[in-house]
Amino acid sequence: MTVRRLPELLGPAALVLATALLGLAVSVSLQNYFLDTLVKVSIVVALYVFIGNSGVLSFGHIAFVALGVWTAGVLTVPESQKNAIMPGLAHFLLHTNVGNVASLALAAGVGMLFALIVGLPLMRLSGLAAGIATFAVLEIVNNLLRYWQAIGPGLNAFSSVPQTTGIWQAAIGAFICIAVAYAYQRSRFGRQLRAAREDPAAAAAAGISIYGQRLLAFALSGGLAGLAGGIYVHLLPIEVDNVYLDLTFLTLAMLVVGGAGSLLGAVVGALAVSGLDSFLSAAENGVDVFGWHFDLPTGTSVIVVGTLMAVVLILRPSGLSGGRELSLPRRRPRVPDLPKVRAPT
Amino acid sequence: MIVAVLNISWQTLADALSLGGIYALMAVGIGLVFGVLRLVNFAYGQLIMAGAYSIAYASVWGWPAWAGVLLCFGVVLALSMLMDWLVFRPLRGHSPAVMLVATFAIAFLLQSIAVLAFGQLGTIASTIGPLNQPWDIGGVEIRKIAIVSIAVAAFCLVLLQLLLTRTSIGLHMRAAAMDFTTSRMLGVRANRVVGGAVLISGLLAAVSAFMLTGRNPQVTPIFGLDDTIIVLAGVVLGGLTRPIPATLGGFTIGFASGILGGALPTNQSQYLPSFLFGAVIVVLLLRPNGLFTRAAAVERL
């Protein structure tokens with residue numbers, strides 16, 4: 001690893017660290033927004049590992065987050081309370097309990113395993129077919145979690161999960177996601193997938209198995225999404241609608257606004273949109289900033305975020321970061337770029 | 001008799017047929033725009049939602065039913081033109097994935113505007129409520145709206161087929177759907193074709209809004225959202241690029257969900273979306289270009 005490339009990892013990590021430190025400095029009620037933001041960073045980075053590197057759209061990652069939520073949630077609700085919120089729970093789940101860290105590891109494992117199984121057939125698809133198929137995965141997982149009471153609370157919220165996610169747990173989760181994403185995109189597997197993203201035909205001709213590389217990225221990002229889900233359920237009493245279309249929209253918006261092409265973009269997008277969203281949500285209940293009193297009607301935050309996402313897509317489709325990573329300037333003078341040839345569409 | 005074998009009532013069959021008809025119309029609406037713009041309009045359901053709210057509010061204000069339907073057409077057409085102008089036009093030429101995410105954003109935007117303006121609870125379109133009453137046909141009770149929507153859908157589809165095959169704008173549209181660049185070189189006016197497609201797609205949205213409101217007069221901000229998701233899957237199932245496969249895909253998924261919803265016992269019909277989307281995945285894997293298309297040539301560079 002060259003020193004010049006270090007900012008690619010350290011930049012996003014520093015942003016997360018700054019967010020965590022800021023979260024420690026503010027009052028307890030405000031801290032929740034920072035905790036939520038850190039979890040969103042994890043989810044968006046998980047999304048980025050697949051969507052950013054492969055260029056294939058996935059609407060299905062929130063399904064892996066939901067599975068992480070279910071895994072970590074079901075295994076950590078105290079045994080005495082399992083019957084109350086999960087009356088139909090299968091017998092072996094009723095008497096199995098694990099600790100905080102083990103539940104997170106299992107959440108990541110379940111997310112990865114499920115993504116691998118789903119990806120085996122699905123990664124043959126690309127473009128719109130992949131978008132619709134991953135959407136179908138989201139719908140199926142949501143439908144099953146909603147009604148199948150043997151594996152979880154169904155429509156009830158995970159109300160008595162121990163709230164072990166504090167600033168540090170949330171920040172460490174985000175660090176893990178960023179580190180994995182960085183290690184992956186610097187590895188030969190990540191490079192192969194990026195090559196396939198830029199030019200599938202040339203990549204295939206160079207001997208890259210596009211299917212295999214996509215599957216690897218899908219499983220990896222499914223694991224990170226599961227981990228993020230586990231961290232999420234230890235933060236809030238989550239119910240099935242919290243990990244469905246709204247979260248899919250919000251996290252995709254974050255990735256797109258930041259720029260899906262780079263790790264920096266994913267983190268910046270998550271922080272920027274989450275910050276804006278948190279501020280507006282707070283303003284919906286009335287907030288004072290520098291002597292100005294804001295009191296916005298409920299629902300404003302979604303409208304602003306939606307508008308922002310549409311505007312960024314139209315004016316700057318590569319996002320705020322423009323798909324670039326942070327890096328130190330090169331020592332040698334740059335070779336001028338060859339004129340780009342436009343591929344016929 | 002199929003009906004007797006599968007143990008489904010005539011009511012279920014008629015309902016399934018009418019749902020298939022409505023979904024077929026929505027599928028054409030989505031497919032036409034995709035054909036010329038290569039854009040999957042996720043916000044189509046919100047057009048329908050806006051149309052349904054127009055009918056509902058017209059009935060709250062005491063307007064007669066025809067005025068409500070007229071308002072529905074006006075609002076939906078205006079909104080789809082606005083969408084074309086503000087969103088589709090600047091996005092032309094971007095990758096399909098970017099455009100899909102953009103319309104995803106528009107969908108959520110419109111939905112949250114509806115929550116803000118009309119509230120979560122919903123409004124009832126009582127003027128067209130009587131359409132939900134059953135008709136007695138030879139001892140079999142069938143909801144009026146089912147028959148109306150089968151008839152309207154069939155009429156619209158025939159009209160559309162005539163438009164696409166017998167008029168010059170229809171020919172232009174089909175040419176543009178096949179190869180936009182080449183057809184422009186041959187004298188097809190891009191803006192006219194795109195405008196036509198958006199207009200027809202808007203008209204179909206208004207018709208679907210009317211019929212969906214007839215089926216379910218309770219209009220909420222998420223009205224039409226589930227339907228659109230299912231239709232989108234159906235359109236991809238059938239084959240996106242051509243109107244007839246898209247229509248068939250929409251009809252098939254509507255009919256299938258109607259029949260399954262009626263035939264399965266309640267404790268299984270709650271898993272209906274899983275069956276439906278499971279089938280979607282299977283079909284996508286077996287025939288990525290769609291069920292009702294001929295094997296398409298692999299896209300070359």
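It should be emphasised that the depicted structure is a prediction, and the values quoted were computed from it without experimental measurement. We name chains A, B, ... by the order of the sequence lines, and we start the count at 1 in each one.
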Of the backbone (N, CA, C, O) and the side chain (C-beta and beyond), which part of [X] lies under 4.5 Å from a heavy atom of chain B, both, or neither?
X      : answer
A:L245 : both
A:L308 : neither
A:V137 : both
A:A133 : both
A:N142 : neither

Look at [options] and state which one has the largest set of heavy-atom pairs under 4.5 Å with chain B.
options                        : result
A:V305, A:V141, A:L144         : A:L144
A:L252, A:V256, A:L315, A:T307 : A:T307
A:G306, A:A136, A:P200         : A:A136

Do A:N143 and B:S274 meet the criterion of a side-chain donor-acceptor pair at a distance under 3.5 Å?
yes
Just by distance, no angles: are the side chains of B:Y23 and B:D227 close enough, under 3.5 Å, to form a donor-acceptor pair?
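Yes, a side-chain donor-acceptor pair sits under 3.5 Å.
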Determine, step by step, whether B:S183 and B:H172 satisfy the side-chain hydrogen bond (donor to acceptor under 3.5 Å, both in side chains) criterion, reporting the C-alpha distance in whole Å, the side-chain angles of both residues, the deciding distance to 0.1 Å, and the verdict.
CA-CA 8 Å; B:S183 63; B:H172 289 177; over 6 Å; no
Could you check whether the rings of [X] and [Y] sit parallel, tilted or perpendicular, using 30° and 60° as the cut-offs?
X      : Y      : value
B:F104 : A:F59  : tilted
B:Y57  : B:F118 : tilted
B:F251 : B:F255 : parallel

Tabulate, in ascending numerical order, the residues of residues 218-226 of chain B having at least one heavy atom closer than 4.5 Å to a heavy atom of chain A, or enter 'none'.
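Only B:L225 of residues 218-226 of chain B have a heavy atom under 4.5 Å from chain A.
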Can you confirm whether B:R184 is buried at CZ, in the sense that more than 12 heavy atoms of other residues, nucleotides or ligands lie under 6.0 Å from that atom?
no
Would the number of heavy atoms belonging to other residues, nucleotides or ligands and lying under 6.0 Å from CZ of B:R89 be above 12?
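For B:R89, atom CZ is crowded (more than 12 foreign heavy atoms under 6.0 Å).
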State whether A:Y244 and A:R146 meet the cation-pi test: NZ (Lys) or CZ (Arg) under 6.0 Å from the six-membered ring centroid, and within 45° of the perpendicular axis.
yes
For A:H61 and A:Y48, I'd like to know if the aromatic rings sit close, meaning centre-to-centre distance below 6.0 Å.
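Centroid distance A:H61-A:Y48: not below 6.0 Å, so no.
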Between A:F218 and A:F64, is the ring centroid distance below 6.0 Å?
yes
By a 4.5 Å heavy-atom criterion (distance strictly below it), what part of B:F42 contacts chain A: side chain, backbone, both, or neither?
side chain
Side chain from CB out, backbone as N, CA, C, O: work out which of these in B:I106 comes under 4.5 Å of a heavy atom of chain A, or both, or neither.
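The side chain, not the backbone.
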Can you tell me which of B:V280, B:I229, B:L232 forms the most heavy-atom pairs within a distance under 4.5 Å of chain A?
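With the most close heavy-atom pairs to chain A, the winner is B:I229.
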